[in-house]
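Just so you know, these numbers use all the heavy atoms, side chains as well, and skip hydrogens, waters and symmetry mates. Being a predicted model, the structure only gives us computed values, none of them experimental.
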Amino acid sequence: MPAPDQIPVAVSIVVPVRNEADNIAPLIAEIAAALDGRWAYEIVYVNDGSTDATGERLSAVMARRPNLRQLRHAVSSGQSAAVRSGVRAARGAIVATLDGDGQNNPAFLPDLIAAVESGNGRVGLAAGQRVGRKDTGFKKLQSRIANAVRGIILRDGTRDTGCGLKAFPREVFLAMPYFDGLHRFLPALVRREGLAIAYVDVVDRPRHSGVSNYGFFDRLWIGIMDLAGVWWLIRRKKPTPVVTEVVAEVPGVTGVPGVTEVK
């Protein structure tokens with residue numbers, strides 16, 4: 001049998017986690033149930049400096065699932081950093097993400113991945129849009145306010161950027177300017193590049209166990225500052241030039257110099 005890193009991979013599932021030990025095995029089983037037999041895929045967990053048994057639980061599952069990988073941050077660096085680490089390490093041309101707490105149902109991953117595939121290069125992001133959210137009233141209120149303010153300022157046409165269920169071409173994500181909170185501004189930045197967004201309604205559900213590890217105040221100050229920064233980036237965007245290379249004519253060969261378009 002070839003080594004796991006030699007098996008071709010079409011899709012990489014990236015899952016950022018911090019202190020989610022009890023949610024590891026159930027979520028991986030659900031991801032496998034959703035994707036087995038549909039794509040050649042890998043699951044990349046990014047252990048964001050967990051201090052519980054998250055690492056040990058992942059290692060135990062890795063022993064029986066060769067397509068499961070674990071990256072570890074020495075110290076917690078935040079959800080955006082974890083997502084970026086996973087995408088950079090991913091081997092699939094398409095990357096899908098979901099939160100590691102079990103609230104995002106992996107059953108919706110195939111719809112998101114298919115939306116990117118069917119876009120034939122025109123879709124830069126397939127974004128999950130939550131319905132029937134199971135969060136507390138306060139968390140839903142803060143998200144509603146944040147989404148409204150973001151929509152007014154950035155005009156990204158997206159009602160819910162906080163859903164962890166997303167899919168995108170790996171190269172599109174890595175071409176984005178990186179900053180803490182990037183994953184919450186992907187729709188605006190994808191539109192900035194002239195790419196389309198596909199939306200998929202997803203059903204939210206309660207987390208399997210534990211409590212949220214990326215809280216309100218982790219996002220509040222970052223969100224305020226980055227909203228201004230993304231607004232500036234969008235307005236400073238210049239049209240991407242069409243570049244062609246003129247090839248010199250070879251002596252003794254008839255014809256005109258060739259022109260090759262560089263994409």
Side-chain angles (χ1 to χ4, degrees), residues 9 11-28 30-31 41-59 61-62 65 67-92 94-106 109 112 125-128 139 143 161-187 189-190 207-223 225-226 229-230:
V9 171
V11 176
S12 297
I13 309 300
V14 171
V15 188
V17 286
R18 185 173 74 188
N19 295 337
E20 297 285 2
D22 291 338
N23 294 317
I24 297 299
L27 187 61
I28 292 173
E30 288 187 306
I31 293 172
Y41 71 96
E42 65 178 357
I43 306 172
V44 182
Y45 263 75
V46 184
N47 182 355
D48 185 31
S50 296
T51 55
D52 67 354
T54 291
E56 291 78 0
R57 301 286 175 85
L58 281 167
S59 295
V61 180
M62 289 169 63
R65 287 193 180 274
N67 65 339
L68 174 62
R69 301 166 60 194
Q70 177 184 182
L71 308 178
R72 179 175 174 84
H73 289 169
V75 296
S76 178
S77 302
Q79 190 171 6
S80 282
V83 170
R84 186 167 188 260
S85 292
V87 176
R88 291 182 68 183
R91 295 188 293 124
I94 294 177
V95 175
T97 66
L98 73 164
D99 294 340
D101 58 11
Q103 285 191 268
N104 296 155
N105 191 337
L109 287 172
L112 293 163
L125 172 68
K139 195 168 183 179
S143 293
T161 64
C163 180
L165 279 163
K166 296 181 175 73
F168 42 79
R170 178 177 180 269
E171 63 179 14
V172 169
F173 182 94
L174 293 179
M176 300 291 175
Y178 174 70
F179 54 90
D180 196 8
L182 167 63
H183 65 289
R184 295 183 176 278
F185 293 95
L186 278 178
L189 293 171
V190 166
R207 63 166 35 243
H208 286 312
S209 65
V211 296
S212 175
N213 293 288
Y214 296 112
F216 173 56
F217 290 104
D218 292 337
R219 299 187 297 263
L220 175 61
W221 306 117
I222 293 172
M225 296 177 64
D226 286 344
V230 174

*Measure across Arg170 and Arg88 and return the closest heavy-atom pair with its distance rounded to 0.1 Å.*
NH2-O, 2.8 Å
*May I ask you to check whether over 12 heavy atoms, not counting those of Arg72, lie within 6.0 Å of atom CZ?*
yes
*Full working for side chain to side chain contact (heavy atoms under 4.5 Å, CB included) between Val15 and Ile31*: CA-CA 10 Å; Val15 188; Ile31 293 172; 4.2 Å; yes
_Any heavy-atom pair between the side chains of Arg84 and Val46 that's under 4.5 Å?_
no
*Ile28 and Leu58: side chain to side chain contact (heavy atoms under 4.5 Å, CB included), yes or no, with the steps?*
CA-CA 9 Å; Ile28 292 173; Leu58 281 167; 4.1 Å; yes
_Sequence-distant partners of Phe168, ring pair (Phe, Tyr, Trp, His ring centres under 6.0 Å), two or more places apart_ = Phe173
*Distance in Å, Glu171 CD paired with Ile94 CD1, rounded so as to fall on 0.5 Å steps*: 10.5 Å
*Of all the heavy-atom pairs spanning Glu42 and Gly92, show the shortest one and how long it is.*
OE2-N, 4.0 Å
*Of all residues at least two apart in sequence or in a different chain, which pass the side chain to side chain contact (heavy atoms under 4.5 Å, CB included) check with Ser80?*
Tyr178, Asp180, His183
*asked:* Nearest 0.5 angstrom please: Leu68 CG to Tyr45 OH, how far?
replied: 7.5 Å
*Minimum heavy-atom separation for Cys163 to Gly128, with atom names?*
CB-O, 3.3 Å
_Whether the side chain of Thr51 engages the backbone of Gly49 through a donor-acceptor N/O pair (distance < 3.5 Å, no angle test) should be reported._
no
*Are any non-hydrogen side-chain atoms of Leu125 and Val172 less than 4.5 angstrom apart?*
no
_So which atom in Val83 and which in Thr97 form the shortest heavy-atom distance, rounded to 0.1 Å?_
CG1-CG2, 4.3 Å
*asked:* With rounding to the nearest 0.5 angstrom, report the CG to CD1 distance, Leu109 to Ile13.
replied: 5.0 Å
*asked:* Please give me the minimum heavy-atom distance between Val95 and Ala90, naming the atom from each residue.
replied: CG2-CB, 4.0 Å
*So, does Arg69 use its side chain to make a donor-acceptor pair with the main chain of Ala89 at under 3.5 Å?*
yes
_Spacing of Lys166 atom NZ and Asp99 atom CG [to the nearest 0.5 Å]_ = 8.0 Å
_For a 4.5 angstrom cut-off between non-hydrogen side-chain atoms, does Gln79 reach Asp48?_
no
*Can you find a heavy atom in the side chain of Leu98 that is under 4.5 Å from one in the side chain of Leu27?*
yes
*Residues which pass salt bridge (Lys or Arg N to Asp or Glu O under 4.0 Å) with Arg57, listed by chain and number, not counting sequence neighbours*: Asp22
*Got a second to check how far Met62's CE is from Ile43's CD1, nearest 0.5 Å?*
11.0 Å
*Shortest non-hydrogen contact from Glu20 toward Thr54*: N-OG1, 2.9 Å
